Amino acid sequence: QVQLVESGGGLVQAGGSLRLSCAASGIIFRINAMGWYRQAPGKQRELVAAVLSGGSTNYADSVKGRFTISRDNAKNTVYLQMNSLKLEDTGIYYCNANVLSVGTVSRVYWGQGTQVTVSS
């Protein structure tokens, strides 16, 4: 009953910037947390950044100081501003959200993923 739609992926040169967006829609009572994961071929999916409902954030060490996660609660949307991109940032980026929809138990939902490719 909840869908996450991502946008903003693409090809960018090293040192450049990109902003990802993810909008949640459906029957939403509350979004407890939203975040971004990424996965490169042959690698495990890893947490990039997350923002909780209270505004606190978590970042992977590799992106601290370069990426910024934010959310617009009115739009149920999370953003990931990626600056100073490196080749190592290449991967499929997935949005996720812990959402309380119908009922009293929240669930984690995932977006379809968007490709981010950083070129030299």
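Here the structure is a predicted model, which is why all the values come from computation and not from measurement.
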Decide yes or no for Ser53 and Ile31: does some side-chain heavy atom of the first lie under 4.5 Å from some side-chain heavy atom of the second? no
Asn32: partners by side chain to side chain donor-acceptor pair (under 3.5 Å), with sequence neighbours left out: Arg30, Asn98
Listed partners of Asn58 passing side chain to side chain donor-acceptor pair (under 3.5 Å), at least two apart: none
Common cluster, Phe67/Tyr37, ILVMFWY with side-chain heavy-atom separation under 4.5 Å: no
Starting at CE of Met34, measure out to CG of Asn73 and round the result to the nearest 0.5 Å. 9.0 Å
Is it true that, when you exclude Gln115 itself, more than 12 heavy atoms of the residues, nucleotides or ligands shown sit nearer than 6.0 Å to its CD? yes
Give a yes-or-no answer on whether the side chains of Thr77 and Asp72 include a donor-acceptor pair shorter than 3.5 Å. no
Applying the side-chain contact (heavy atoms from CB on, under 4.5 Å) criterion to Trp36, which one of Val51, Leu80, Asn96 satisfies it? Leu80
Can you tell me how far apart CD (Gln13) and CG (Leu18) are? Round to the nearest 0.5 Å. 12.5 Å
Distance from Arg66 atom CZ to Ser84 atom OG, nearest 0.5 Å? 7.0 Å
How long is the gap from CZ on Arg107 to OG on Ser101, to the nearest 0.5 Å? 8.5 Å
Taken to the nearest 0.5 Å, the spacing of Cys22 SG from Trp110 CH2 works out to 10.5 Å
Mind checking whether Leu47 and Tyr59 have side chains closer than 4.5 Å, heavy atoms only? no
Gln81 vs Ser17 side-chain heavy atoms within contact, under 4.5 Å: yes
Hphob cluster co-occupancy, Leu85 + Leu20, side-chain heavy atoms under 4.5 angstrom: yes
Common cluster, Leu100/Val78, ILVMFWY with side-chain heavy-atom separation under 4.5 Å: no
Are Val105 and Ile28 co-members of a hydrophobic cluster defined by side-chain heavy atoms under 4.5 Å apart? no
Taking side-chain contact (heavy atoms from CB on, under 4.5 Å) as the criterion, tell me which of Thr114, Val116, Val63 meets it with Arg38. Val63
NZ/NE/NH1/NH2 to OD/OE distance under 4.0 Å, Asp61 and Lys64: yes
For the pair Val102 and Gln1, evaluate side chain to side chain contact (heavy atoms under 4.5 Å, CB included) and give the outcome as yes or no after the intermediate values. CA-CA 8 Å; Val102 178; Gln1 294 179 300; 3.3 Å; yes
Can you get from Val48 to Tyr109 by hopping between Ile, Leu, Val, Met, Phe, Trp and Tyr side chains that sit under 4.5 Å apart? yes
Apply side chain to side chain contact (heavy atoms under 4.5 Å, CB included) to Val12 and Ser119, showing your working. CA-CA 6 Å; Val12 65; Ser119 63; over 6 Å; no
Please check: side-chain N/O of Ser21 versus main-chain N/O of Ser7, any donor-acceptor pairing under 3.5 Å? no
Going by heavy atoms in the side chains, are Tyr93 and Gln39 under 4.5 Å from each other? no
Interatomic distance, SG@Cys95 vs CD@Gln112, rounded to 0.5 Å, equals 8.5 Å
Any non-hydrogen side-chain atom of Arg45 less than 4.5 Å from a side-chain atom of Ile92? no
Of all heavy-atom pairs linking Ile69 and Thr57, the shortest is CG2-CG2, 3.7 Å
